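Everything below concerns the one structure shown next.
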Amino acid sequence: MAGKTFFSMKNNVRKKLAILLHSSEPNVFITTHQQPENSENNFNHRSSNASLPSPVMSSCSSPVSFMSPINHIPSPYSESPWTLPHDSNGEDGIIYNTGLIGSLIREEGHIYSLASSGDLLYTGSDSKNIRVWKNLMEFSGFKSSSGLVKAIVVFGNRIFTGHEDGKIRVWKYSDKKKKAYKRIGNLPTTKDYIKSSVNPNNYIEARRHRNLPWIKHYDVVSCMCLDEEKGLLYSGSWDRTMKVWRISNSKCLESVNAHDDAINSVVIGFYGLVFTGSADGTVKVWRREFVGKTKKHLLASTLLNQDNAVTSVVVNASQATVEGSGVHTCLSVLNSHTGPVKCLAVQNRNENDDDQKDEEWIVYSGSLDNSLKLWRVSELLA
């Protein structure tokens, strides 16, 4: 009976997607090698320098060149080193294609957000710090004035961070010599917020007996995503709204009352669609259309409606699939964290290599066990 219910729900999601598209424009389980990790030892090992072996080359993968440390000089920001599992290499000295590459224990607190851009990795935690990593070494760091960092997105030379206090802060890499980042503004801007506050018509009921201007989130900014083609930033919040920002002038274009509970995920999809997932158990699809002379996001469909909260949504734009609407095969189980995994970031290492025999990804995972882990996942191409 459970199997019939599962396939029925899966078929319903497929039908809704078809109608929508038609109408629109780590114990790491590896068969060859197992990599146990002594988490207790890792938590106690907190030296100030990173110490990693030289990269080696697998017989069926490219060198892990970007993961080698450039030097062993302690970073002024560094408090915890990256470490490799003791048995990350096989008896023949080869690093296996799927498994744990490195692990870092953070003393600052839980890791809630990750973002990768080129050879840089950004991490956010409940310490209000944003750390920047390069080649497994701490490259830089910057600190916000308040609010744990729940979301990070990178657009060109700008970094957008979403915080517990309802603000979106904007940063820019400003000094190559000092490797410094500078805060260049907030969303909404102070000017726009004051201007909006003057007009009584701009106020909405935020909490009981309290009204606030609609252009600002009044609860945790839990997720963000970019539509780089249109130059738009989308933010989702525990205040149940999705807001749309124009990156070029930092203007809030729209606020959508999207769900009946906290929004946990917002994702840009295929054909200009936007997907949101919420603690109310729904996944909704939004399409941006003209309403009069302005463009607004209208509800196109509700793909999922379940009793349990939706904590994340992933869209495969090339296959036009969302969540469980496609056929998926488990490549491996990455199991080394001792607490809930709160964030993931993925890089495809085959984008510029047509001769690669394996499809290979680098996966970063952040957890409430205060650790950040780096994995390699590969699949043999046909």
Side-chain angles (χ1 to χ4, degrees), residues 112-113 115 122 124 126-130 142-174 181-228 230-259 261-266 268 274 276 278 286 288 291-297:
Y112 283 97
S113 53
Y122 300 83
D126 53 9
S127 68
K128 309 173 188 177
N129 289 336
I130 299 95
F142 46 102
K143 186 173 184 176
S144 65
S145 57
S146 63
L148 68 85
V149 187
K150 288 284 289 183
I152 306 174
V153 295
V154 183
F155 182 71
N157 62 350
R158 279 176 285 182
I159 299 94
F160 298 86
T161 56
H163 297 260
E164 185 183 29
D165 60 4
K167 289 184 179 180
I168 299 172
R169 293 174 170 83
V170 190
W171 312 80
K172 188 176 181 180
Y173 187 52
S174 60
Y181 286 80
K182 180 182 179 181
R183 185 162 67 89
I184 58 175
N186 298 317
L187 297 181
T189 63
T190 303
K191 178 181 178 181
D192 286 344
Y193 185 74
I194 293 174
K195 184 178 179 181
S196 177
S197 303
V198 174
N199 187 348
N201 294 328
N202 289 330
Y203 282 76
I204 60 172
E205 186 177 355
R207 295 186 179 91
R208 185 179 296 179
H209 308 307
R210 187 182 181 188
N211 294 335
L212 292 172
W214 64 268
I215 65 171
K216 181 184 182 300
H217 286 298
Y218 60 85
D219 209 333
V220 177
V221 178
S222 55
C223 50
M224 295 187 293
C225 69
L226 288 166
D227 186 337
E228 297 188 19
K230 295 183 176 65
L232 300 177
L233 173 72
Y234 291 83
S235 59
S237 170
W238 289 1
D239 65 11
R240 301 176 291 181
T241 68
M242 173 182 71
K243 297 191 188 297
V244 188
W245 310 84
R246 186 188 291 125
I247 296 176
S248 60
N249 59 7
S250 302
K251 296 288 185 182
C252 185
L253 304 178
E254 187 183 0
S255 181
V256 182
N257 293 317
H259 288 271
D261 208 334
I263 298 176
N264 294 321
S265 184
V266 58
I268 295 296
V274 181
T276 55
S278 168
W286 308 86
R288 193 168 184 240
V291 178
K293 295 182 179 180
T294 61
K295 279 191 171 183
K296 294 184 177 296
H297 285 80

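For the numbers below, each heavy atom of this structure counts, side chains included, while hydrogens, waters and symmetry mates do not. Bear in mind the structure is a predicted one, so any value in this text is a computation, not a measurement.
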Within this structure, what is the CD1-OH distance for the pair Ile159 and Tyr122, rounded to the nearest 0.5 Å? 4.0 Å
Look only at the side chain of Ser278 and the backbone of Ala262, and say whether a donor-acceptor pair between them is shorter than 3.5 Å. yes
Considering all heavy atoms, the nearest Val266-Gly236 contact: CG1-N, 4.1 Å
Counterpart residues, side-chain contact (heavy atoms from CB on, under 4.5 Å), relative to Lys251 (two or more places apart): Asp192, Arg246, Asn249, Leu253
Keeping to residues at least two apart or across chains, list the ring pair (Phe, Tyr, Trp, His ring centres under 6.0 Å) pairs with something in residues 234-257. Tyr234-His297
Just by distance, do the side chain of Asp239 and the backbone of His217 share a donor-acceptor pair under 3.5 Å? no
Asp227: which residues meet the salt bridge (charged side-chain N to carboxylate O under 4.0 Å, His left out) condition with it, sequence neighbours left out? Lys230
So, for Tyr218 and Glu205, which heavy atoms are closest and what is the spacing to 0.1 Å? OH-O, 4.4 Å
Kindly indicate whether the side chain of Leu233, heavy atoms from C-beta on, has any atom under 4.5 Å from the side chain of Leu187. yes
Sorted by chain and residue number, the side-chain contact (heavy atoms from CB on, under 4.5 Å) partners of Ser144 (sequence neighbours excluded) come out as Lys128, His163, Arg169, Trp171
Interatomic distance, CD1@Ile168 vs CG@Asn186, rounded to 0.5 Å, equals 9.5 Å
Any heavy-atom pair between the side chains of Tyr112 and Val149 that's under 4.5 Å? no
Separation of Lys243 NZ from Ser255 OG (nearest 0.5 Å): 2.5 Å
Smallest heavy-atom separation, Lys295 atom then Glu254 atom, equals O-OE1, 4.0 Å
With distance as the sole test, does Ser237 use its side chain to make a donor-acceptor pair with the main-chain N or O of Val220 at under 3.5 Å? yes
Once you round to the nearest 0.5 Å, how far does OH of Tyr203 lie from OG of Ser196? 7.0 Å
side-chain contact (heavy atoms from CB on, under 4.5 Å) involving Ile184 - partner list, sequence neighbours excluded: Arg158, Val170, Lys172
Side chains of Asn257 and Ile204 in contact at under 4.5 Å (non-hydrogen atoms): no
For Met224 and Gly162, work out which heavy atoms get closest and say how close. CE-N, 3.4 Å
Nearest 0.5 Å, please: how far is CD1 in Ile268 from CH2 in Trp286? 13.5 Å
Can you name the residues that form a side-chain contact (heavy atoms from CB on, under 4.5 Å) with Asn199, not counting sequence neighbours? Asn201, Asn202
Approximate separation, where rounding is to 0.5 Å, of Lys296 NZ and Arg288 CZ: 10.0 Å
Which atom pair, heavy atoms only, marks the closest approach of Val154 to Leu226? O-CD1, 3.3 Å
Using a 4.5 Å cut-off on heavy atoms from C-beta on, say whether the side chain of Lys150 contacts that of Val221. no
Can you check side chain to side chain contact (heavy atoms under 4.5 Å, CB included) on Val244 and Val274, steps first, answer last? CA-CA 11 Å; Val244 188; Val274 181; over 6 Å; no
